[in-house]
Undergrad: 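Following this message is one structure expressed as structure tokens.
None of the values given here were measured: they were computed from a predicted structure. All values below were derived from every heavy atom in this structure, side-chain atoms included, with hydrogens, water molecules and symmetry-related copies excluded.
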Amino acid sequence: MAAAPGTDQHALTERVRALLPKEGATATSGAELAAEQARQTSENTEALTKMLLVFAGIALFVGMFIIANTFTMLIAQRGREIALMRAVGASRRQVVRSVLVEAGLLGLGASAAGLVLGLGIAAGLRPLLDSAGAGLPDGPLVVAPTALLGSLTVGVLVTVLATWLPSRKAAKIAPVEALSSAEASAPARGMRVRNALGALLTGAGVAVMLYVSTLDNGAETNLLLAMFGSFLTLTGTIVLAPLLSRPLVFLAGRVTTRLFGVSGKLAQENALRNPRRTAATASALMIGLTLTTGLTVAGHSVDRAMSRAAVQGLTADYRIANSAYLGLDPKLADKIADVPGVAATTPLASAGLTVDGEYALVSGLDPKQLGKVSDIDFTSGSAAALGPGRIAVSETYAGRAGLRTGDIVKGRFDLDSGKPAGLKQLTVVGVYAENRVVSGVVGDLGDVLPYAMDGGYDSVLVKAEPGRAAGLDREIRSAFGDSPLLKVQSREQITREESGAIDVMLAMMYGLLGMAAVIAILGVINTLAMSVYERTREIGMLRAIGLDRTGIRRMVRLESVVISLFGAVLGIGTGVFLAWTGGSLTASGLPDYTTTVPWPRLALFLAVAVLIGILASLWPAGRAARLNMLRAINAQ
């Protein structure tokens, strides 16, 4: 209705409500409807917002390693300059403050650039989601002040926080030390403290995750505990990375030395020269691969479990349903049975059933045809005893409702069929193991159909005659004029439909985690470029004693590959462990779940790590190879 100009919407709505029947009709004002739709849209996009924020946090966390690594190298290069500042009167606080102010200004500039890019992504995100069927409402792009201030504030804080430890290191440089020597190596005591802390964190994380592996349901408290254990394990591995880098890089160096000779040996020595720098550079890639591997292993395992569960107990060759989920006309089953090549058909109908306060969906079917299209595993009783007034229940529902074979109960049938609930005396004639063919309760089709949605079937299971299964779906569709409302699925198609959502989710996760991979590449490029700058004289000496430009380029490239492989091995190993220990939480929803490692994909991740190392080294390696030999030797 359209209100006359000047009419109060609230008052008009109340007058209309007074004219309507008390049941079956409602009146809502335009303002109320708009507010309700806005609330629903907000709720529908809340999960997406949280997911994007989680991945944004991951990207920022990875970026912190690059920022800290960069400022550590910058401070090492500015050792003489910082010493001179201290010598002419600068205090330690002033040194710390100067580094933090520099970081704050860089963070502000980078955050402003990120804000502009983020607005561009937001503008393109809505049509992208709508093309996938999100159905978001039209309207201008709304940029809240909290988003502007939040992005700038978070960017500056993250940059300053990542720079705090390097700034403290700069303040501790003694003027005489820095003026008389080059970059000093990390004190042994500091590494011992770091190794002890890393071992403590990793041990605590592993212990928590091993305890999580004994749990068998995904309750909220268990999920939070798993997240806490994963965070401890990942953090501990990052702290221990300098210690772990020595054996792993040494082993990788043995391979590079054997394959590439002197260049491979030099790459190994360069990667081992500063374990902290190597670990910080590799950690950025490790975090991304830990999450990617964990999601891949968990998703692959869930996919396998769902594929098995999708057709568990199903011996029928095809399942026919309405593609619009509106149910099938009961007359349809008779027509399907007349299609040449069809040996047996069993229609299924669903309704709601409540017994002793416990609700479950009940699947109605013809007991005489059940054995021809399914193989339900009965732990007590049998399908042969099913009939009017007799039901079988799943083990889960039997436990919830306290039912056993032989019990006589009062059941209430009801669903959104528009009919009043029906009370009926029922006899439990069997208990069966869970499967995806039928619901928690199985009953006679005549008892269930009157309370089914629109009085129709959910689906019809079809068993083909021997040797006639191939191509029978085309015969069935042709018999009904190739109606687009008729969905005919084979066992393989049912399996793909069940697992398709997992593949879509993994693809989206890979896309979001790609941000971490890009940041990791930039980190390797940054580290190698500054490392080449620090080793200018060394590279000149190597050229002078006979290492050609190709050898210099290969040395830098192999160093990059070794660092990338180190991060990949740590990330893949940690990800597999977290996926294995956390997989038990899916046991309640997927009893067939077992951790399955997709080795080809993990091998692909290693290959991608090698490619990342090669790509990240292109510019630093080219720069090192182009250095003039004499100028490099004379560089300060």
Side-chain angles (χ1 to χ4, degrees), residues 22-24 26 216-220 309-310 312-314 319 321-322 325-328 330 333 346-370 374 376-461 587-591:
K22 292 183 179 180
E23 295 182 359
T26 60
D216 59 358
N217 66 82
E220 184 177 354
Q312 184 180 16
L314 179 67
R319 183 178 68 186
N322 189 313
Y325 304 101
L326 297 177
L328 296 172
T346 298
L348 293 176
S350 294
L353 178 66
T354 303
V355 176
D356 293 336
E358 292 292 338
Y359 176 84
L361 280 177
V362 54
S363 296
L365 45 79
D366 183 356
K368 297 179 181 179
Q369 300 292 329
L370 177 60
S374 66
I376 299 177
D377 182 18
F378 276 80
T379 57
S380 67
S382 67
L386 288 170
R390 298 191 293 274
I391 61 173
V393 296
S394 68
E395 291 177 327
T396 301
Y397 185 70
R400 282 167 38 207
L403 300 177
R404 293 180 300 177
T405 301
D407 288 349
I408 299 175
V409 297
K410 285 283 188 180
R412 189 187 72 206
F413 289 92
D414 59 341
L415 197 63
D416 298 330
S417 60
K419 296 183 179 181
L423 293 175
K424 192 176 184 65
Q425 181 171 291
L426 302 171
T427 302
V428 179
V429 297
V431 178
Y432 57 88
E434 301 289 335
N435 67 83
R436 302 293 287 270
V437 179
V438 293
S439 304
V441 180
V442 175
D444 185 75
L445 183 62
D447 291 338
V448 177
L449 189 59
Y451 304 97
M453 179 72 71
D454 298 325
Y457 297 148
D458 290 346
S459 61
V460 176
L461 303 181
S588 59
L590 281 174

Undergrad: List the atom of E358, the atom of A401, and the distance in Å for their closest heavy-atom pair.
TA: CG-CA, 3.9 Å

Undergrad: Minimum heavy-atom separation for A392 to F378, with atom names?
TA: CB-CE2, 3.7 Å

Undergrad: Apply side-chain contact (heavy atoms from CB on, under 4.5 Å) to residues V429 and I391 and explain how you reach the verdict.
TA: CA-CA 6 Å; V429 297; I391 61 173; over 6 Å; no

Undergrad: Find the distance between CG (L348) and OG (S459) and round it off to the nearest 0.5 Å.
TA: 4.5 Å

Undergrad: Is a side-chain N or O of D458 found less than 3.5 angstrom from the main chain of S350, in a donor-acceptor match?
TA: yes

Undergrad: How many angstroms lie between atom OG1 of T427 and atom CD1 of I408, to the nearest 0.5 angstrom?
TA: 4.5 Å

Undergrad: Can you tell me how far apart CD (E434) and CD1 (I376) are? Round to the nearest 0.5 Å.
TA: 11.0 Å

Undergrad: Does L353 form a side-chain contact (heavy atoms from CB on, under 4.5 Å) with L426? I'd like the steps, not just the answer.
TA: CA-CA 11 Å; L353 178 66; L426 302 171; 4.0 Å; yes

Undergrad: Quick one: NZ on K410 to NZ on K424, what's the gap to the nearest 0.5 Å?
TA: 10.0 Å

Undergrad: Side-chain contact, heavy-atom cut-off 4.5 Å: V437 with L461?
TA: yes

Undergrad: Donor-acceptor check, side chain of T354 to backbone of G357, threshold 3.5 angstrom: yes or no?
TA: no

Undergrad: Start with the C-alpha gap between T379 and Y432, add the side-chain angles, then the distance that decides, and say whether side-chain contact (heavy atoms from CB on, under 4.5 Å) holds.
TA: CA-CA 5 Å; T379 57; Y432 57 88; 6.0 Å; no

Undergrad: Test side-chain contact (heavy atoms from CB on, under 4.5 Å) on R404 and V431; report intermediate values, then the result.
TA: CA-CA 7 Å; R404 293 180 300 177; V431 178; 5.9 Å; no

Undergrad: If the threshold is 4.0 Å, N to carboxylate O, is there a salt bridge linking D444 and R390?
TA: no

Undergrad: Find the distance between OH (Y457) and CG (N322) and round it off to the nearest 0.5 Å.
TA: 14.5 Å

Undergrad: What is the minimum heavy-atom distance between D407 and G402, and which atoms define it?
TA: OD2-O, 3.9 Å

Undergrad: How far does CD of E395 sit from OG of S380, to the nearest 0.5 angstrom?
TA: 8.5 Å

Undergrad: Is V428 close to V393 at the side-chain level, that is, under 4.5 Å between some pair of heavy atoms?
TA: yes

Undergrad: Taking all non-hydrogen atoms of both residues, which atom of P367 and which atom of G387 are closest, and how far apart?
TA: CG-N, 4.2 Å

Undergrad: Would you name the heavy atoms of S439 and L361 that are closest together and state the gap between them?
TA: CB-O, 3.1 Å

Undergrad: When you compare the side chains of D366 and T346, does any donor N or O come within less than 3.5 Å of an acceptor on the partner?
TA: no

Undergrad: Which pair of non-hydrogen atoms, one from Y451 and one from F413, has the smallest distance, and what is that distance?
TA: CD1-CB, 3.5 Å

